[in-house]
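Working notes, beginning with the structure itself.
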Amino acid sequence: QKEVEQNSGPLSVPEGAIASLNCTYSDRGSQSFFWYRQYSGKSPELIMSIYSNGDKEDGRFTAQLNKASQYVSLLIRDSQPSDSATYLCAVLNAGGTSYGKLTFGQGTILTVHP
Amino acid sequence: DARVTQTPRDKVTEMGQEVTMRCQPILGHNTVFWYRQTMMQGLELLAYFRNRAPLDDSGMPKDRFSAEMPDATLATLKIQPSEPRDSAVYFCASGFGGLGNTIYFGEGSWLTVV
């Protein structure tokens, strides 16, 4: 089992729709969770971080965390063609010998079509 | 504008040659990561350091890869001898560490081994 799992997609949504991206992780000791966006040929850039159960909103982005289910999601409202990219889920291990280790999922390719 | 600097940006080399990639983390960051990205494997953690000490290099093929931080402003990743399967993008990232550890990526070193 991979430490961080995402559906690779591609996920295709029409412009203006809500895009929903999901991620599960295996280490129950993980405490910090991040979503990165990566455009083709570019490096990943941070778009959201979340540390507590529940929702966190930032503009059109909402991150959701459920530690009991070991599940993280990202919702993108009013999707725009410029949101088309690969979205990477990242999990920070906080305990033991893996303290500070940041592990990424495979990434989900999102395409927003006009 | 603080950023992680990586060299070289692009490298084409012949199989069997030594390759050295360099990274200058953001000033003050005490955690440095080396990742490798391919289409098949996604973003894999090769090694990471805190305060220049290696914490985990289990993701790195030990027989040919080595990672070091000779000082706080320089991290190196060396491959000797290189093989075609090492062709990938190698990213360096740095951060302050801790549970809220936001890491910032360099632009990557695009390696092709022929």
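What you see is a predicted model; the values in this text were computed from it and never measured.
- Only the side chain of B:Gln37 comes within less than 4.5 Å of a heavy atom of chain A; its backbone N, CA, C and O stay farther away.
- Tracing side-chain contacts under 4.5 Å through hydrophobic residues (I, L, V, M, F, W, Y), one never reaches B:Val89 starting from B:Val19; they form parts of separate clusters.
- Of the atoms belonging to A:Gln38, it is side-chain heavy atoms, and not backbone ones, that fall under 4.5 Å from chain B.
- With a threshold of 4.5 angstrom between heavy atoms, B:Leu43 approaches chain A through its backbone and through its side chain.
- For residues 64-75 of chain A, no pair satisfies salt bridge (Lys or Arg N to Asp or Glu O under 4.0 Å), with sequence neighbours left out.
- No more than 12 heavy-atom neighbours from other residues, nucleotides or ligands sit within 6.0 angstrom of NZ on B:Lys11.
- A:Phe61 CZ: more than 12 foreign heavy atoms inside a 6.0 Å radius.
- For residues 52-95 of chain B, the pairs satisfying ring-ring contact (aromatic ring centres under 6.0 Å, His included) are B:Phe91-B:Phe105, with sequence neighbours left out.
- Side-chain heavy atoms closer than 4.5 Å link hydrophobic residues (I, L, V, M, F, W, Y) into clusters, and following such links, possibly through other members, connects A:Leu92 to A:Leu46.
- For residues 103-114 of chain A, heavy-atom neighbours of chain B at less than 4.5 Å comprise A:Phe104, A:Gln106, sorted by residue number.
- Taking Ile, Leu, Val, Met, Phe, Trp and Tyr as members and joining any whose side-chain heavy atoms lie under 4.5 Å apart, directly or through other members, B:Leu74 forms no hydrophobic cluster with any other residue.
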